[in-house]
Colleague: 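Supplied in structure tokens, the structure appears directly below.
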Amino acid sequence: MVYNKVSAKEYMGGVYNTSSNFTEEPNKSVGESGGAESLHNTAHEWVGMLNNSKYPDNQDMGVFTYAGRDPVFYSHHANVDRLWNVWKALPDKITEDGHRKRKDYDDYDFLETEFTFYDENKDMVIVKLKDTLDSRKLGYKYQDMSEADSLWINHKPTVSKPSYRATDLTYTPAVAGANNTIGRTPKSFELKRRAPTRADLQGTQVEHVGELSEGVVLEQVRCPS
């Protein structure tokens with residue numbers, strides 16, 4: 001979610017500006033569409049009681065209106081901000097194929113967007129969005145945690161030993177639109193997919209097929225209670 005995102009658009013999300021069109025640009029991501037947003041939302045849902053019928057009136061991290069009342073909210077958002085700095089500092093050739101080259105925001109209207117605030121002296125000041133993308137310009141920096149961050153940035157999964165013999169595996173095609181039950185014994189489903197091609201680069205900000213990311217969504221899967 002962090003190190004494999006090549007562009008700021010993929011990591012933080014698409015831009016909002018006067019030329020953004022929400023209905024007629026299917027290949028252009030607008031707004032909350034980056035990997036960081038997904039990480040951010042997951043933490044809110046894990047900590048909060050989102051969609052928990054036992055707590056229909058919960059006022060915690062899982063509800064937008066009340067999330068700011070939870071003390072952990074500030075630690076969470078500070079870390080989201082810190083991860084932006086981590087992403088900005090990643091070396092370009094961190095991907096396995098060595099082709100990663102970070103692409104920052106370059107939309108002029110977006111970067112020149114202005115916000116009006118009152119400073120600590122109660123004076124009105126104007127801050128441009130481009131000045132918020134570097135925490136040093138805002139007067140703060142995070143403690144160096146590169147040693148700890150490297151543990152997950154450079155992590156390579158090890159091959160685990162299955163609890164059953166490989167010869168016992170059977171691949172049952174998943175039935176589209178049906179409930180595919182996961183039983184108490186290991187079960188595998190055949191996943192048909194094609195290798196990415198350069199045609200898949202259209203609408204992205206990456207230049208090489210090896211930089212494309214792919215997600216798998218499992219729906220209508222039933223687990224025994």
Side-chain angles (χ1 to χ4, degrees), residues 1-16 20 22 26 28-90 94-96 100 102-105 129 132-133 135 140 142-143 145-158 160 174 179-180 182 189 191 193 196 200 203-206 211-225:
M1 287 292 187
V2 178
Y3 81 87
N4 66 340
K5 300 302 181 183
V6 178
S7 66
K9 169 186 170 183
E10 285 189 321
Y11 177 72
M12 187 68 73
V15 302
Y16 282 117
S20 297
F22 292 86
K28 183 176 181 180
S29 298
V30 179
E32 300 177 0
S33 57
E37 185 68 20
S38 177
L39 286 174
H40 160 265
N41 292 347
T42 299
H44 274 278
E45 294 167 6
W46 281 357
V47 176
M49 296 179 179
L50 185 67
N51 298 325
N52 190 322
S53 59
K54 294 182 179 180
Y55 302 92
D57 300 318
N58 57 300
Q59 299 180 9
D60 57 22
M61 280 278 284
V63 180
F64 177 81
T65 308
Y66 303 105
R69 296 182 180 182
D70 194 322
V72 77
F73 173 90
Y74 301 96
S75 296
H76 171 47
H77 277 254
N79 190 51
V80 170
D81 186 49
R82 186 189 74 85
L83 288 175
W84 166 254
N85 286 1
V86 171
W87 181 82
K88 294 270 289 183
L90 288 176
I94 194 173
T95 53
E96 292 183 5
R100 179 189 189 275
R102 185 176 63 252
K103 179 177 175 59
D104 291 308
Y105 289 118
L129 193 145
T132 69
L133 301 179
S135 63
Y140 69 91
Y142 291 100
Q143 178 182 354
M145 298 184 64
S146 55
E147 183 176 353
D149 286 333
S150 67
L151 296 177
W152 56 267
I153 291 175
N154 301 312
H155 173 69
K156 302 296 182 184
T158 57
S160 59
N179 289 321
N180 298 285
I182 297 178
F189 292 103
L191 179 62
R193 59 178 297 276
D200 297 314
T204 72
Q205 292 185 349
V206 301
E211 296 170 352
L212 291 169
S213 57
E214 183 178 35
V216 177
V217 179
L218 300 180
E219 297 179 331
Q220 295 185 336
V221 176
R222 301 172 63 183
C223 299
S225 58

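Numbers here are sequence positions counted from 1. Remember, predicted model here, so these are calculated numbers, not experimental data.
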Colleague: Not counting sequence neighbours, which residues clear side chain to side chain donor-acceptor pair (under 3.5 Å) with Ser75? List them please.
Modeller: none
Colleague: Is there a donor-acceptor pair closer than 3.5 Å between any side-chain N or O of His76 and the backbone N or O of His40?
Modeller: yes
Colleague: Could you pull out the closest heavy-atom pair between Lys88 and Leu133, with the gap in Å?
Modeller: CE-O, 4.1 Å
Colleague: So, does Tyr142 use its side chain to make a donor-acceptor pair with the main chain of Ala78 at under 3.5 Å?
Modeller: yes
Colleague: Return the minimal non-hydrogen interatomic distance between Trp84 and Ala8, and the atom names on each side.
Modeller: CH2-CB, 4.1 Å
Colleague: What class does the angle between the rings of His77 and His44 fall in, given that below 30° is parallel, 30 to 60° is tilted and above 60° is perpendicular?
Modeller: perpendicular
Colleague: Mind listing the closest non-hydrogen atom pair of Val47 and Met61 along with its distance?
Modeller: CG1-CG, 3.8 Å
Colleague: Just wondering, are more than 12 heavy atoms of other shown residues or ligands nearer than 6.0 Å to OH in Tyr140?
Modeller: yes
Colleague: Side chains of Ser135 and Asn85: do they bring a donor and an acceptor to under 3.5 Å?
Modeller: yes
Colleague: Can you name the closest pair of heavy atoms from Met12 and Tyr105 and give their distance?
Modeller: CB-OH, 3.1 Å
Colleague: Which atoms form the tightest heavy-atom contact between Asp104 and Trp87, and what is the distance?
Modeller: OD1-CZ3, 3.7 Å
Colleague: Report the residues that fulfil side chain to side chain donor-acceptor pair (under 3.5 Å) with Asn79, sequence neighbours left out, ordered by chain and then residue number.
Modeller: Arg82
